2 protein chains.
Amino acid sequence: MKRATIYSIAEELGISASTVSRAFTRPELVKRSVRERILATAEQLGYEPSWAARGLATGRTGLIGLLIPDITNPFFPPLVRAIEKAAAGRGSGVLLVDAEANGAAEPGLVAQLKPQVEGLIIASPRAPSAALKEAVGQTPAVVVNRAMRGLPTVVVDNGPALREAVRNLVADGHHKLVVMRGPADAWAAARRVEAVRAAAGQEGAELVELGPFEAQFEDGRRAAREILASGATGVLAFDDLMACGVLSGLAERGRRVPDDFSLVGCDDVLLARTVTPALTTITAPLEELGNHVVERLDGVARGEAVKDVRVRGELTVRGTTAPAPGTS
Amino acid sequence: MKRATIYSIAEELGISASTVSRAFTRPELVKRSVRERILATAEQLGYEPSWAARGLATGRTGLIGLLIPDITNPFFPPLVRAIEKAAAGRGSGVLLVDAEANGAAEPGLVAQLKPQVEGLIIASPRAPSAALKEAVGQTPAVVVNRAMRGLPTVVVDNGPALREAVRNLVADGHHKLVVMRGPADAWAAARRVEAVRAAAGQEGAELVELGPFEAQFEDGRRAAREILASGATGVLAFDDLMACGVLSGLAERGRRVPDDFSLVGCDDVLLARTVTPALTTITAPLEELGNHVVERLDGVARGEAVKDVRVRGELTVRGTTAPAPGTS
DNA sequence: CTGAAAGCGCTTACAG
DNA sequence: CTGAAAGCGCTTACAG
């Protein structure tokens, strides 16, 4: 049997297709008794509105494209969830594309996605901004977690939390700290180091900058040697993966966390909660971020001038921070 | 300026819209010189074909719906990637929906997804199969990692690898083993226990069955007490998360892995590789699985009778398995 | 190789 | 509150 349409329903009921259409899109315009008969017949015929037809008629596809640099990185699944949820709340679906950690592929993926969607969300992109902006063209788009001139932006600002972390470390008697820089091409890497540097200055702590490192477990693990050599007792890692690597590398060398070292991660990924001891880290308000992103996208689509927004990460103290050895 | 269409290009060039359309969809039917002028003008006008119009005309949306029970579970992101990749290879996009670990929501989400897509991929669903099948209706669909009568299925079969794991443990002198059952509503939970039970019987090992447990770090950690009480020296956990919890719980109680205990996980999630010692576990061929799934979906859509497929997990030996204590 | 025309299934002014 | 009609932007037999 053929697909049910508003015409088959209309014919069945001896009314016009317009009325059937309205029963679904503007129900208040249709007399109640008629509406009920329409709904019943639709149900019975297994009618489902054609998204293509509706999209063609209204110019809306109801789809948002979401480009993720690497879905395998534990930071992103919760972000994807938050965005998908926010989009669903506005009646949009999410077309997901994963760049598989290949920054150079991003502009091409954006271009592919573009014709299918009403708006684009580009998360933590690694490609040059010019290429990205060219690929985006006139399509409404918002960038997450990277500043980018000419495109609206939603970022999480870990500065205040990092400052608080440094303050706590110093208060705990850690007067020499290591900050581990993230990947050279990660936008957040420079920001985090700057924030830590400023805070260390304010708190009068000595700061050793190490890296750049890849945001990976293995890099953190290998860095344990350098960390030990530095003489510091407090470490701020670029992210949780790196911090977990440090935890492991330190353990291999017979050092205990938090007895001998204090360690702070960033992002609060699942691993941070599951490692032992659980990681002191910085937690981003992802739901809030998802809502801002989708809202912003909506704004851009309506031609409004939207402001960049930054949400604040919060310090989550768990088991890897404690008073320095030799402190009362 | 208005959106460019095949008509604006046709007008610009003084040819018919049909020819413009063909230049994109069946280029070999268009004289080369004409085709090149069309492409050039399209480029210059910033033309992008309307997916809605194309979908309406052809009856194809080019979209596959993917329902994931919990994107936050580290097993799924690599699966999502594999499916997205396979779908892209066939020219389809993936509309992602996350059930947020709420099995009861699955049928509703399927119903929502259905009208927008050409086919449905339902990964590791937890909802009752009747409700799921009703929600799927006539839409082509394939189920991943759960058997389900009446819907084509692609599962990973960890039986042989589990058997091999048991054989290795016994060969290493572990004659008393624990198998930790997964969540009661997880289809894979029963299968894994059965496989281990059969293998233990064959290999003459004594088997203690514990659980069911939630597939979470904390449950594994708390189970360490029971494991110690059992007197076993080899543990097969339902999945890697649980295994990592066991690792941690055992460490808290002063037991070392693999010196005092051998431990086998399942799924080979990122965490399995990043924990110390790295987890011996079972690795699923996800790319292969993704290809099978999309292929199957294609088959169903064309009305073919497709066979269920099972791909095989393989044992990946890493650092948590070793000869039993007291073994030469 | 190209064009004219119908059709895909909706929405939405417009008129009543 | 309802209907007739045009239009959204493509594809695709059909005819040439």
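From a predicted model like this one, the values you see are computed outputs, not experimental measurements. Proteins get letters first, then strands, A, B, ... in listed order; numbering begins at 1 in each. Because only heavy atoms are used, hydrogens play no part in the values below, and waters and symmetry mates are left out as well, while side chains stay in.
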(Q) Does dG3(D) have its OP1 or OP2 closer than 4.0 Å to a side-chain nitrogen or oxygen of Thr19(A)? (A) yes

Q: Please report the closest heavy-atom contact between Arg146(A) and Ser129(A), naming both atoms and the distance.
A: NH2-N, 3.3 Å

Q) In whole Å, what is the span from the CG atom of Leu29(A) to the P atom of dT2(D)? A) 10 Å

Q.
For Glu295(A), is there an ion pair with Arg90(A) - N to carboxylate O distance below 4.0 angstrom?
A. no

Q. So does Glu48(A) pair up with Lys114(B), basic N to acidic O under 4.0 Å?
A. yes

Q: Show the numbers, then the answer: is there a salt bridge (Lys or Arg N to Asp or Glu O under 4.0 Å) between Glu106(B) and Arg126(B)?
A: CA-CA 8 Å; Glu106(B) 290 170 359; Arg126(B) 309 192 190 172; 5.1 Å; no

Q) Just wondering, do Val117(A) and Trp51(B) contact through their side chains at under 4.5 Å, heavy atoms? A) no

(Q) Mind checking if Thr5(A) touches a base, just sugar-phosphate, or nothing, with heavy atoms under 4.0 Å? (A) sugar-phosphate

Q. Among dT2(C), dT11(D), dG7(D), which nucleotide sits nearest the side chain of Thr58(B)?
A. dT11(D)

Q.
Output the rounded distance in Å from CH2 (Trp51(B)) to C1' (dT11(D)).
A. 15 Å

Q) Given that Arg22(A) and Tyr7(A) both sit by DNA chain D, which one's nearest nucleotide is further toward the 5' end? A) Arg22(A)

Q. What about the rings of Tyr47(B) and Tyr7(B), do their centers lie closer together than 6.0 Å?
A. no

**Q.** Distance, rounded to the nearest Å, where Glu28(A) contributes CD and dC1(D) contributes P
**A.** 10 Å

Q. What stem regions, each of at least 3 consecutive Watson-Crick or G-U pairs below 3.5 Å, can be found for DNA chain C?
A. C:1-3 with D:14-16, C:5-12 with D:5-12, C:14-16 with D:1-3

Q: Quickly work out the Arg54(B) CZ to dG7(C) C1' distance and round it to whole Å.
A: 17 Å

Q: To the nearest Å, give me how far apart CD (Glu48(B)) and C1' (dG9(D)) are.
A: 14 Å

Q. Is there a side-chain polar atom (N or O) of Tyr47(B) under 4.0 Å from OP1 or OP2 of dC10(D)?
A. yes

(Q) Expressed as a whole number of angstroms, how long is the span from Phe24(B):CZ to dT11(D):P? (A) 9 Å

Q) Is Ser50(A) touching bases, backbone alone, or none of the nucleic acid, heavy atoms closer than 4.0 Å? A) sugar-phosphate

Q: For nucleotides dC14(C) and dC10(C), find the distance between their P atoms and express it as a whole number of Å.
A: 24 Å

Q: Find the distance Gln116(A):CD to dG9(D):P and express it as a whole number of Å.
A: 18 Å

Q: Look at the side chain of Ser21(B) and decide which nucleotide, out of dC10(D), dT12(C), dA4(C), has an atom nearest to it.
A: dC10(D)

**Q.** First of Arg32(B) and Leu56(B) reached from the 5' end of DNA chain C, by closest nucleotide
**A.** Arg32(B)

Q. What's the CD1-C1' distance between Ile6(A) and dA4(D), to the nearest Å?
A. 13 Å

**Q.** Side-chain N or O of Ser16(B) closer than 4.0 Å to phosphate OP1/OP2 of dG3(C)
**A.** yes

Q. Applying the side chain to side chain contact (heavy atoms under 4.5 Å, CB included) test to Arg296(B), which of Val154(B), Val143(B), Asp308(B) qualifies?
A. Val154(B)

Q.
Using the rule given for salt bridge (Lys or Arg N to Asp or Glu O under 4.0 Å), can you reason through Asp70(A) versus Arg81(B), listing the C-alpha separation, both sets of side-chain angles and the distance that settles it, and then say yes or no?
A. CA-CA 9 Å; Asp70(A) 179 8; Arg81(B) 168 177 288 178; 2.7 Å; yes

